[in-house]
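A short worksheet on the structure shown next.
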Amino acid sequence: MAERPSVKDILAAARKGGAVKPTDAAELVAAPAPEPTLEATAIEATTVAPTVAAVAPPLGRPMTLKEKLAAARVGATPAAASAPVAAAPVAATASGEIEKAVPAPAPSLGRPMTLKEKLAASRGATVPAGASVAPAATPSAMSAAVPKTAVARELPPLAEITDPKDLAEALRQAGAKKDREVAGAIAKAAPVRPGAKPKAEAKTVPGRPSKTAALSESTAESGPSRRTVLKFPWVVAGWASFTLGLTAFTAMLGRFMFPNVLAEPPSTVKVGVPSDFAKEDVSERWKAEWGFWIVRTERFNGQDILFALQSVCTHLGCPPNWLAGEQKFKCPCHGSGFYISGVNFEGPAPRPLERFRVAIADDGQIIVDKSQKFQEELAQWTDPDSFLAAV
Ligand code: FES
């Protein structure tokens with residue numbers, strides 16, 4: 001029977017990666033455990049964490065994929081991960097979730113921790129007793145200490161990856177690819193910015209129409225055809241009625257522009273020769289039909305004259321009456337009185353009566369023209385056309 005190896009030998013063999021013979025292992029398990037020496041206890045306390053002992057694979061078998069992934073996360077090298085004792089930094093929980101159990105590197109007692117040991121300690125590893133913890137490393141120093149993975153490196157299929165670094169790189173590339181896909185989807189779903197010009201749509205240029213088609217279209221646009229008109233005679237009748245009505249309205253409007261009576265009564269009248277009228281007398285023969293008196297008198301300016309005096313009151317237009325006994329014209333409306341000469345002297349009448357134009361015709365008769373008047377207040381009675389000498 002071979003001599004049983006001590007714990008120290010087993011640990012040394014595990015660090016080297018060598019397998020312990022099953023027989024030796026069985027003997028090691030069956031044999032009572034020797035009393036650990038103080039040195040061995042110190043080594044176990046500083047090198048093997050309790051979790052490592054719980055999840056360590058059987059000596060001699062290769063690491064599983066989960067174990068490799070955990071080793072890659074803590075930065076262990078494949079060689080170290082394959083070591084039977086120093087590797088196996090992974091502990092599987094009851095729920096199947098992988099829990100990191102980073103074995104704290106075992107520095108020599110009294111020496112400061114290395115950067116790798118500090119990283120492992122910050123991820124949850126137990127700081128070995130007796131190791132002096134140096135001040136925390138700066139982020140730049142930590143990033144510099146972490147090995148960088150090659151960016152463009154040809155990787156084998158995921159199922160065939162055995163190197164934890166390759167596995168980590170494959171996972172990183174897969175994550176980056178997924179990020180690019182998500183960014184592309186967001187860019188497609190993003191709305192168009194207000195200032196952005198819309199993409200010009202492709203236009204389809206229609207072909208050149210034939211002459212027959214163009215002729216038929218122009219005929220259709222010009223109006224209804226003869227057959228269509230004949231189909232709807234009431235349309236023709238309506239348009240004819242509208243045209244006739246418009247013509248009649250235009251004719252009536254033109255007729256309205258002209259007076260109904262074109263002939264006016266003559267404004268002149270012959271009243272006889274001057275010798276037909278007596279002195280200081282008023283002839284009322286033409287008052288009713290023509291609206292004037294023929295007066296012969298010397299009481300206006302001392303001369304024997306004849307004139308035609310309008311029979312309209314200058315107050316409000318009533319026809320006055322000649323009162324031969326009183327030798328005056330008297331208005332029946334408001335009582336205005338006028339001398340035989342026509343000058344007002346009583347009542348509300350504001351001014352004398354008016355005269356018409358008189359003249360001697362070729363036959364010697366007196367012609368009275370009603371189209372022209374003469375007013376005393378305007379000094380028009382001195383006009384030669386406003387009177388005639390009786391002699
Ligand atoms: Fe002749 Fe008034 S109308 S006095």
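For ligands, and for the atoms within them, numbers begin at 1 and follow the listed sequence.
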Practice task
Report yes if the SG atoms of C318 and C313 are separated by under 2.5 Å, and no otherwise.
Solution key: no
Problem - atom 2 (Fe) of ligand 1 to nearest N/O/S of H315 less than 2.8 Å - result: yes
Practice task
Looking only at protein heavy atoms, identify the closest one to atom 4 (S) of ligand 1 and say how far it is in Å.
Solution key: S336 OG, 2.8 Å
Practice task
May I have the step-by-step check of side chain to side chain contact (heavy atoms under 4.5 Å, CB included) for L306 and V358, ending in yes or no?
Solution key: CA-CA 9 Å; L306 287 168; V358 290; over 6 Å; no
Exercise for the section: Please confirm if an N, O or S atom belonging to C313, backbone or side chain, lies less than 2.8 Å from atom 1 (Fe) of ligand 1. Expected result: yes
Can you list the atoms of ligand 1 that are under 4.0 Å from a heavy atom of [X]?
X	answer
C331	1 (Fe), 3 (S), 4 (S)
C318	3 (S)
C333	3 (S)

Practice task
May I ask whether F307 and F292 are part of the same hydrophobic cluster, defined by side-chain heavy atoms of I, L, V, M, F, W, Y residues being less than 4.5 angstrom apart, directly or through others?
Solution key: no
Problem - Joint cluster assignment, V343 & F345, ILVMFWY side-chain distance < 4.5 Å - result: yes
Handout entry: Shortest-distance N/O/S atom, H334 versus atom 2 (Fe) of ligand 1
Key = ND1
Exercise for the section: Could you label the plane-to-plane angle of the F277 and W286 rings as parallel, tilted or perpendicular, counting under 30° as parallel and over 60° as perpendicular? Expected result: tilted
Handout entry: Expected output: side-chain S386 to main-chain W381 donor-acceptor under 3.5 Å
Key = yes
